[in-house]
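Provided herewith is a single structure, encoded as structure tokens, for subsequent inquiry.
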Amino acid sequence: MKLFYDRVFKNYFLIMLTLFVEEIIFRAVVDLPILEWSLLRTFIGINIISLIFSALFSFFGRIASNVLSAILT
């Protein structure tokens, strides 16, 4: 359970979750099908982007990392 206290994992999970929820909301508003193969492709892309940004944000301090995550999402 120590993984949940890691700053990189918290940033990754926050960025990934908010971007994916934004994608789901966008699909619902535009009336696109939600459960489709393109959503899986989008989810994989969001995971990769979230991993990159969380690794980059880990080099900053805690406050700067939180601010940058908030700006990104």
Side-chain angles (χ1 to χ4, degrees):
M1 295 310 288
K2 190 174 182 175
L3 177 68
F4 292 111
Y5 295 111
D6 189 23
R7 185 175 59 207
V8 176
F9 180 76
K10 279 197 265 188
N11 282 340
Y12 160 73
F13 192 71
L14 175 72
I15 293 169
M16 190 267 309
L17 187 66
T18 55
L19 289 177
F20 192 65
V21 168
E22 287 174 7
E23 176 70 24
I24 295 290
I25 291 171
F26 175 76
R27 285 178 167 271
V29 168
V30 178
D31 202 25
L32 291 172
I34 293 177
L35 295 176
E36 201 173 64
W37 285 107
S38 63
L39 186 68
L40 179 64
R41 184 180 62 226
T42 304
F43 180 70
I44 292 170
I46 287 173
N47 275 318
I48 293 169
I49 290 170
S50 300
L51 281 171
I52 291 170
F53 278 118
S54 64
L56 288 175
F57 293 166
S58 70
F59 291 115
F60 300 111
R62 183 179 56 87
I63 295 173
S65 176
N66 289 342
V67 169
L68 289 172
S69 294
I71 289 172
L72 181 67
T73 58

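Any value given below was found using the heavy atoms of this structure, including those in side chains, with hydrogens, waters and symmetry copies removed.
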| Among Ile24, Leu19, Ile25, the one residue meeting side chain to side chain contact (heavy atoms under 4.5 Å, CB included) with Glu22 | Leu19
| task | First locate atom OG of Ser58, then atom CG of Asn11, and finally report the distance between them rounded to the nearest 0.5 Å. | result | 8.0 Å
| query | Is there a path of hydrophobic side-chain contacts, each under 4.5 Å between heavy atoms of I, L, V, M, F, W or Y residues, that connects Leu35 with Phe20? | reply | no
| Ile34 atom CD1, over 12 foreign heavy atoms within 6.0 Å | yes
| Should the pair Phe9 and Phe13 be assigned to parallel (<30°), tilted (30 to 60°) or perpendicular (>60°) ring geometry? | parallel
| Who else is in the cluster with Leu14 when I, L, V, M, F, W and Y are joined by side-chain contacts under 4.5 Å? | none
| Among the clusters formed by ILVMFWY side chains lying less than 4.5 Å apart, do Leu51 and Phe59 turn up in the same one? | no
| Are Leu32 and Val21 co-members of a hydrophobic cluster defined by side-chain heavy atoms under 4.5 Å apart? | no
Counting only pairs under 3.5 Å, give me each side-chain donor-acceptor contact of residues 42-49, with atom names and distances, residues two or more places apart or in other chains.
{"unit_1": "Thr42", "atom_1": "OG1", "unit_2": "Ser38", "atom_2": "O", "d": "2.8"}
{"unit_1": "Asn47", "atom_1": "OD1", "unit_2": "Tyr12", "atom_2": "OH", "d": "2.7"}
{"unit_1": "Asn47", "atom_1": "ND2", "unit_2": "Phe43", "atom_2": "O", "d": "3.2"}

